[in-house]
Protein chains: 2
Amino acid sequence: MVSIKDVARRAGVSVGTVSNVINRPSYVSPDTRARVTAAIDELGFVRSESARQLRAGRSRTMALLVLDIANPFFVDVARGAEREARGAGLGVMLCNSGHDPAVEAEYLSLFAEQRVRGALITPADANGANVASFRRRKIPFVMVDRVEMSDELCSVSIDDEVGGELAVRHLVRAGHTQIVFVNGPLTLAQCRDRLAGASRVIKDAGLPAEALTVLEAEQMTVASGRDAGSRLLGLANRPTAVFCVNDLVALGVLQAMFTAGVRVPEDVAIVGYDDIEFASAAAVPLTSVRQPAFRMGQTATELLIEETGEDSAEHQHRRVVFQPELVVRASSPASWRR
Amino acid sequence: MVSIKDVARRAGVSVGTVSNVINRPSYVSPDTRARVTAAIDELGFVRSESARQLRAGRSRTMALLVLDIANPFFVDVARGAEREARGAGLGVMLCNSGHDPAVEAEYLSLFAEQRVRGALITPADANGANVASFRRRKIPFVMVDRVEMSDELCSVSIDDEVGGELAVRHLVRAGHTQIVFVNGPLTLAQCRDRLAGASRVIKDAGLPAEALTVLEAEQMTVASGRDAGSRLLGLANRPTAVFCVNDLVALGVLQAMFTAGVRVPEDVAIVGYDDIEFASAAAVPLTSVRQPAFRMGQTATELLIEETGEDSAEHQHRRVVFQPELVVRASSPASWRR
DNA sequence: AGCGATTCATGAAACGATTCACAAGTCCCT
DNA sequence: AGGGACTTGTGAATCGTTTCATGAATCGCT
């Protein structure tokens, strides 16, 4: 591997000069600069990031740890983050915990060893033990898609209660009185909050609590949605509307309806969450609660950069909360009658 | 930041000993080992990957550069690669070129600076200029989803001609004589090969060349599929079957059919490619040509590890070619009549 | 007691870049 | 001519780890 020393020898200058040519060309006279540049090209020199980093004490890479890379929502977050990071000359290390706290822990210690500039993380363990130990290492990070209670770090999230409200209010207004909420595990704050929003609407509308039945789709994937879909068809009083914790689950439910010959939206209306591209691309385009995923990724990265930038001294930890938005499509008309 | 020196001082030993405790504990007597371990815990010491890397001359990270992270096919490749890499104690840096050769070039030089162990890449530039310059840096890499002509590197790909054949043969046997192929740009080898396979079947079946019309969906996304779908509805002699270059395009076409009130598969049959999860989750589950994406990622990583491992001397560059498989679903019944 | 073998720990030399105090040379001005 | 200012380049120290030659201590054996 050719090093800066080889370049220096070739160009007949000291290593310091080569470094200057690379990092502050104006310090060097034009002709030595030309000589050094020529040597660099001839030798195919590439500077070693690890050496720079060792010297500088900080790296030029940030990490992004998502819960499920197969979910387009997180892919959008990642794209937003990557765009923003690349603008700031930072590389992004994108990793997938797959909801597994053990994998999460493994990655966090990898990040610590790499001395990443900071990390964006969608936490997999409910109690935040991993994150807490990560914090001890003083590595700055930003919570994504979870409000953070402590004042010690930034977070970017979406108001999930409002999301739950939007979806269920839409259904109630359309005339539904038998609604199933296919939720994810309640260990996730998002799921708890969406349920809270949904329940509140039921209550405020003066409907009995039984108007809302909750099923769980543990994995929050298409497959588990399909499964929940067939379960809900077997319920004693079959619902006329289904609200799903995300679009993957909603697509699964939609398919279960098709398979069973249940028409959407005539027999059952469906509302999803996230508004991934595939929601609008579905056979019956899905009504969905849109989350600004790309912007979340961007904003989270901005916060991280601010926290680790030159003027980091004056950085105030913040909690950015985005508002979701309901996108009504064919799967749940505004006015419904059997 | 606490370094190995601090640990040494705290434990009252030399830095060499601390290093030994971490890397070859058996060299150290049990009680000094205990003292050192205690010091490490108390101080929260985390070893610096960049220092190790500088010393070792090689890193413990590999890179994966995909064409389009929004495409579930590549996500599966990434998951396969990540699984395999993690098993070998390697981190994965997952990046997205978005089909842009400029972005690709940027990432490649980032990888070179990072001295990644190696890279898996789905090349974005047709002529391979970026890759060629990367090769000069001696960084080992494996081509994914493209057969490589030179003997200087490994590649993992899928036989796209066979894929095109499978799809179109299926349609021809079902009785279709007016088929549209919604292809991607012919600059991509995959697109050329699938077209070749498709054409061959038409010819072998004794059908006229006009039996196969080719449209282009430039972006190969749902949106461009939707667009192609409405275009093909306006064709002089409307096709009875559509073969799409990937499932995203197929989903777009499917939706265009729904919107126009054209029934699938009664009026038009559809066949996709990749067999992503959303293909089977579609309203009308899509027939698709399945590619072993996860295994491709795994295999590519295995090749890379073999190339960079201890016994790398005896590494022979290889071209692994997987065979695709047709999965027939509701969107294209085996026997079709109008 | 003497001697080789074995066990443990040490300290210095790398790895490749950046930075900084300093030196040498040039220029301008009085 | 002398001296301050500026330009340009140098060389050594530094970052945190691993490795390796070396040394000290202990042990077992004759």
Side-chain angles (χ1 to χ4, degrees), chain A residues 1-37 39-40 43-61 89 109-110 112-117 137-139, chain B residues 1-37 39-40 43-61 89 109-110 112-117 137-139:
Chain A
M1 201 84 250
V2 24
S3 87
I4 203 174
K5 263 186 218 155
D6 305 315
V7 176
R9 198 173 320 130
R10 175 86 164 216
V13 297
S14 74
V15 293
T17 301
V18 177
S19 178
N20 282 334
V21 169
I22 298 170
N23 301 300
R24 7 235 298 209
S26 66
Y27 283 27
V28 182
S29 75
D31 63 331
T32 43
R33 202 191 310 159
R35 243 177 30 246
V36 170
T37 318
I40 289 177
L43 268 45
F45 166 73
V46 178
R47 67 196 197 278
S48 155
E49 182 60 27
S50 42
R52 306 187 67 193
Q53 185 170 319
L54 174 59
R55 181 69 232 256
R58 53 158 35 186
S59 92
R60 288 164 49 236
T61 303
S109 57
L110 181 65
E113 291 193 356
Q114 309 245 58
R115 303 282 193 271
V116 294
R117 179 72 69 88
R137 309 262 143 85
K138 301 272 171 60
I139 300 177
Chain B
M1 200 84 250
V2 23
S3 86
I4 204 173
K5 264 187 215 154
D6 304 313
V7 175
R9 198 172 320 128
R10 174 86 163 218
V13 297
S14 72
V15 293
T17 302
V18 176
S19 178
N20 281 334
V21 168
I22 298 170
N23 301 300
R24 25 244 268 232
S26 67
Y27 284 27
V28 183
S29 74
D31 63 330
T32 44
R33 202 193 308 161
R35 252 188 9 257
V36 171
T37 318
I40 288 177
L43 268 45
F45 165 73
V46 179
R47 66 185 195 270
S48 155
E49 182 60 27
S50 41
R52 304 188 69 193
Q53 186 170 318
L54 174 58
R55 179 67 231 251
R58 51 153 40 181
S59 92
R60 287 164 50 237
T61 304
S109 56
L110 181 64
E113 290 194 356
Q114 309 244 57
R115 304 282 194 270
V116 295
R117 179 73 69 91
R137 310 261 141 85
K138 301 271 169 64
I139 300 177

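Per chain, numbering begins at 1; letters A, B, ... match sequence-line order.
- B/E113 has a carboxylate O that lies under 4.0 Å from a charged side-chain N of A/R60, or vice versa, which qualifies the two as a salt bridge.
- With rounding to whole Å, B/I4 atom CD1 is found 6 Å from D/dT17 atom C1'.
- Across the protein-nucleic acid pair, A/Y27 atom OH and D/dG11 atom P stand 20 Å apart, rounded to whole Å.
- Proximity note for B/S29 (side chain, C-beta onward) versus D/dT17, C/dA9, C/dG16: the nearest is C/dA9.
- Between the CZ atom of A/F45 and the P atom of C/dG16 there is a distance of 10 Å, given to the nearest Å.
- Nucleic acid contact class of B/S19 (heavy atoms, under 4.0 Å, all strands): base.
- Here A/G16 lies in heavy-atom contact (under 4.0 Å) with a base.
- As rounded to whole Å, 13 Å separates atom C1' of D/dT7 from atom CZ of A/R33.
- Between C/dT18, D/dT19, D/dT18, one nucleotide has an atom nearer to the side chain of B/R24 than all others, and that is D/dT19.
- Closest approach of A/R52 and A/R47 over heavy atoms only: NH1-NH2, 2.6 Å.
- Spacing between atom CG of B/N23 and atom P of D/dG16 amounts to 17 Å, rounded to whole angstrom units.
- With hydrogens and angles ignored, the 3.5 Å screen pairs no side-chain donor or acceptor of A/N23 with any backbone N or O of A/N20.
- Between the CD1 atom in A/I40 and the CD1 atom in A/I4 there is a gap of 7.5 Å [rounded to 0.5 Å].
- One interatomic measurement links the two molecules: CG of B/L54 to C1' of C/dA17, which rounds to 8 Å at whole-angstrom precision.
- Between B/R52 and D/dT18 there is a side-chain polar atom (N or O) within less than 4.0 angstrom of OP1 or OP2.
- Residue contacts shown for B/T17 include a base, since a base heavy atom lies under 4.0 Å away.
- We find that B/R115 and A/E49 are not joined by a salt bridge, their nearest charged nitrogen and carboxylate oxygen being 4.0 Å or further apart.
- Between the CZ atom of A/R55 and the C1' atom of D/dG16 there is a distance of 12 Å, given to the nearest Å.
- Across all strands, B/V18 comes closer than 4.0 Å to no nucleic acid atom at all (heavy-atom distances).
- The distance from atom CD1 of A/I40 to atom P of C/dG16 is 16 Å, rounded to the nearest whole Å.
- If B/A56 and B/S14 are placed on DNA chain C by their nearest nucleotide, the residue sitting closer to the 5' end is B/S14.
- Of the residues near DNA chain C, A/M1 and B/P30, the one whose nearest nucleotide (by heavy atom distance) lies more toward the 5' end is B/P30.
- Comparing C/dA17, D/dT10, D/dG9 against the side chain of A/S48 picks out C/dA17 as the nearest.
- Nucleic acid contact for A/S50: none, since no nucleic acid atom lies under 4.0 Å from a heavy atom of the residue.
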